[in-house]
Amino acid sequence: MCVGIAGKVVKVQDGMAVIDAGGAKREVSAALLEELEPGDYVMVHAGAAIAKISSDDDEEVNQVMEDLKA
Amino acid sequence: MIDDAIKIVKEYKGKKLRIMEVCGTHTHEIFKQGVRQLLSEDIDLISGPGCPVCVTQVDYIDEAVMLALEKNVTICSFGDLLKVPGTKYSLSAARGQGAKVQVVYAPLDAVKYAKDHPDEEVVFLSVGFETTVPSSCIALQFAIKEGVKNFSLLTANKTMPVAYRAMKNACDCYLYPGHVHAIIGTGLCEELRDNEGISGVVAGFTPKELVTAIAVAVTKLQEEKPFFVNCYPRVVKPEGSPAAVKLIYEYMEASDEEWRGLGTMPGSGLKLKDKYSEYDARIKFEIPPMHGHGNPACRCASVLKGEIKPYECPCFGKVCTPEHAVGACMVSDEGACSAWYLYGGLDLRKEEK
Ligand code: SF4
């Protein structure tokens, strides 16, 4: 139940969003995020998009490791 | 850059570092992705209490079973809870006795089920941390808006802040659960660092993110002063999700919750506010206090506090397996016992000895 699913938003309507997670489409609540738009990547938990995802993990790792050295 | 991180976790030598992966999903991913095999022997990963199914008390399962068998209620639940043993029955065993139990992926599905079945009383088992509670609140909001009266929540929600403080001596540093902090933000981690000397890093869930978070923890621990680093910034923002927090506190308030292993901790959970009591299954169905008990041989309580590794439980892999679980930590897809069992725990057990 706690595993988050990352997906791409394909449609937003009436507080719900359709997301594409590796080809599987799912309708999830968009109530927790303001200004969700098609094309955004989100993390989904228990049927609700809980956060936007702002980059991939490679970029993130580079940033975190650079900060560590600084 | 990931190579730098791998080098750090591989080559560390020195004082044994005890890092607690608070979150059960971290425990499982760390095993599944082979992260453990990368680590120097001087880095000890300890599993913590962050699996909501695992810390849910036997009493709660007994309450749900009672609702299903005696009050003829339809239980809607996340699948993970079904096999958790109650005093007499698990929910899946109760099914064999005629209980109606529906597995749902999202709390909202439970309300939709209730709406489509107006002649049934439907109770959703609201179990989870800050990550999952907003979804229960979305469901409740929908039920109120649509006038769905045959729907209620049986809550056993938990929140992490009290647990972080309670467990601080179990480890040198936390791998904070990424998705809890996606909701509550990182202010708490800074507060814990500044006021209580608790160190930690927020970690994501991909293999690269996990290795990086551990590398950061290992590096910072050597500086020997409390620290906090957000190693999952692509998802976790300092402010978290204010909309989610607002939603939670619109419907819920802090409650004293009992955690398996940790006992009852004041303010460590969330229950429905009085004004929503008609949606509170405990009140609606007048559930009496339960005095359940688990199998006395099960050592989940010690596993959840990081005091023992699952293989130190005498039941592990013998009478207790995922198919025939004795305790919640073996049932849950996020439990430490199931992680050790499923991903070569038995072999590792030989290795560790
Ligand atoms: S191995 Fe089974 S019985 Fe032992 S602590 Fe884990 S869940 Fe409990």
Side-chain angles (χ1 to χ4, degrees), chain A, chain B residues 1-2 4-5 8 23-25 28 50-53 78-81 104-109 127-129 131-132 134-136 138-139 141-142 177-179 182-183 204-209 211-213 215-216 219-220 229-237 240-241 243-244 247 332-334:
Chain A
M1 74 190 256
C2 290
V3 178
I5 299 165
K8 186 177 177 180
V9 176
V10 288
K11 192 173 141 193
V12 185
Q13 201 176 14
D14 303 330
M16 300 296 286
V18 176
I19 63 145
D20 181 329
K25 296 232 165 62
R26 241 181 235 271
E27 198 185 23
V28 304
S29 170
L32 305 178
L33 298 174
E34 286 154 18
E35 297 169 26
L36 204 56
E37 282 174 22
D40 287 345
Y41 284 85
V42 290
M43 188 57 72
V44 174
H45 253 269
I50 59 161
K52 284 193 200 178
I53 303 175
S54 57
S55 73
D56 63 15
D57 62 347
D58 281 324
E59 257 174 68
E60 178 187 61
V61 166
N62 290 347
Q63 183 196 331
V64 170
M65 291 306 290
E66 241 157 59
D67 290 351
L68 183 66
K69 285 179 191 162
Chain B
M1 284 290 190
I2 187 65
D4 296 345
I8 292 170
C23 166
T25 307
H28 272 250
C51 155
V53 174
F78 296 121
D80 322 34
L81 273 175
V104 292
Y105 164 71
L108 205 49
D109 297 338
V127 165
F129 295 115
T131 342
T132 321
S135 295
S136 291
I138 289 171
Q141 194 175 40
F142 184 75
H179 294 153
I183 303 291
F205 296 84
T206 69
K208 287 175 193 167
E209 286 172 329
V211 171
T212 303
V216 170
T219 307
K220 289 282 178 185
V229 183
N230 179 6
C231 299
Y232 192 29
R234 70 189 181 115
V235 170
V236 175
K237 306 297 169 219
S241 167
L247 188 70
S332 167
D333 289 339
E334 286 125 33

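Only a predicted model underlies this, so the values are computations on that prediction, with no experimental measurement involved. Note on naming: letters A, B, ... go to the chains in the order of the sequence lines (proteins, then strands), and numbering restarts at 1 for each one.
The two residues Ala243(B) and Leu32(A) come nearest to each other via the heavy atoms CB-O, 3.5 Å. The shortest non-hydrogen separation linking Pro107(B) to Ser136(B) is CG-N, 3.8 Å. The minimum heavy-atom distance between Val236(B) and Ala182(B), with the atom names listed, is CG2-N, 3.9 Å. For the pair Glu209(B) and Val61(A), the tightest heavy-atom approach, listed with the atom from each and the gap, is N-CG2, 4.5 Å. Nearest approach of Tyr232(B) to Gly178(B), heavy atoms of both residues: CD2-CA, 3.7 Å. The shortest heavy-atom contact between Glu35(A) and Asp40(A) is O-OD2, 3.9 Å.
A donor-acceptor distance shorter than 3.5 angstrom exists from the side chain of Asp56(A) to the backbone of Glu59(A), with no hydrogens or angles considered.
Heavy atoms of Thr25(B) lying under 4.5 Å from chain A belong exclusively to its side chain. Heavy-atom distances place both the backbone and the side chain of Ala46(A) under 4.5 Å from chain B. Contact of Phe205(B) with chain A is not made at all, since no heavy-atom distance falls under 4.5 Å. For Ile8(B), the part lying under 4.5 angstrom from a heavy atom of chain A is the side chain only. If you measure heavy-atom distances from Phe129(B) to chain A, you find no contacts under 4.5 Å at all. Heavy-atom distances place both the backbone and the side chain of Ser55(A) under 4.5 Å from chain B. Residue contact with chain A, scored on non-hydrogen atoms closer than 4.5 Å, involves the side chain of Ile183(B) exclusively. If you measure heavy-atom distances from Leu68(A) to chain B, the contacts under 4.5 Å come from the side chain alone. Residue Asp80(B) touches chain A through its side chain alone, counting heavy-atom pairs closer than 4.5 Å. In this structure, chain A has a heavy atom under 4.5 Å from the side chain of Val53(B), while its backbone stays farther away.
Within residues 4-17 of chain A, the residues having any heavy atom under 4.5 Å from a heavy atom of chain B are, by residue number, Gly4(A), Ile5(A), Met16(A).
Rounding to the nearest 0.5 angstrom, the gap separating the NE2 atom in His45(A) from the OG atom in Ser29(A) is 14.5 Å.
No other option in His179(B), Lys237(B), Lys208(B) has as many heavy-atom pairs under 4.5 Å with chain A as His179(B). Annotation: maximal heavy-atom pairing with chain A below 4.5 Å, among Asp333(B), Val216(B), Thr132(B), occurs at Val216(B). No other option in Leu108(B), Leu247(B), Thr219(B) has as many heavy-atom pairs under 4.5 Å with chain A as Thr219(B). The candidate with the highest count of non-hydrogen atom pairs below 4.5 Å against chain A, out of Gly24(B), Gly204(B), Ser135(B), is Ser135(B). The candidate with the highest count of non-hydrogen atom pairs below 4.5 Å against chain A, out of Ala213(B), Gly240(B), Ala106(B), is Ala106(B). The residue among Arg26(A), Met65(A), Glu60(A), Glu66(A) with the most heavy atom pairs within less than 4.5 Å of chain B is Glu60(A). In terms of non-hydrogen atom pairs under 4.5 Å with chain B, the most contact-rich of Ile50(A), Val3(A), Val42(A) is Ile50(A).
Pairs engaging residues 21-41 of chain A under the ring-ring contact (aromatic ring centres under 6.0 Å, His included) rule: none recorded [sequence neighbours left out]. Residue pairs satisfying the ring-ring contact (aromatic ring centres under 6.0 Å, His included) criterion with at least one member in residues 51-70 of chain A, sequence neighbours excluded, are absent. Each ring-ring contact (aromatic ring centres under 6.0 Å, His included) pair with one or both residues in residues 9-29 of chain A, not counting sequence neighbours, would appear here, but there are none.
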Next item on the list: Apply the test side-chain contact (heavy atoms from CB on, under 4.5 Å) to residues Met43(A) and Arg234(B): give CA-CA distance (whole Å), side-chain angles for both, the deciding distance (0.1 Å), then the verdict.
Entry: CA-CA 10 Å; Met43(A) 188 57 72; Arg234(B) 70 189 181 115; 5.6 Å; no
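At a threshold of 4.5 Å between non-hydrogen side-chain atoms, the residues Val64(A) and Pro233(B) count as touching.
With a 6.0 Å radius and a threshold of 12 heavy atoms from other residues, nucleotides or ligands, Lys52(A) has its NZ atom above the threshold.
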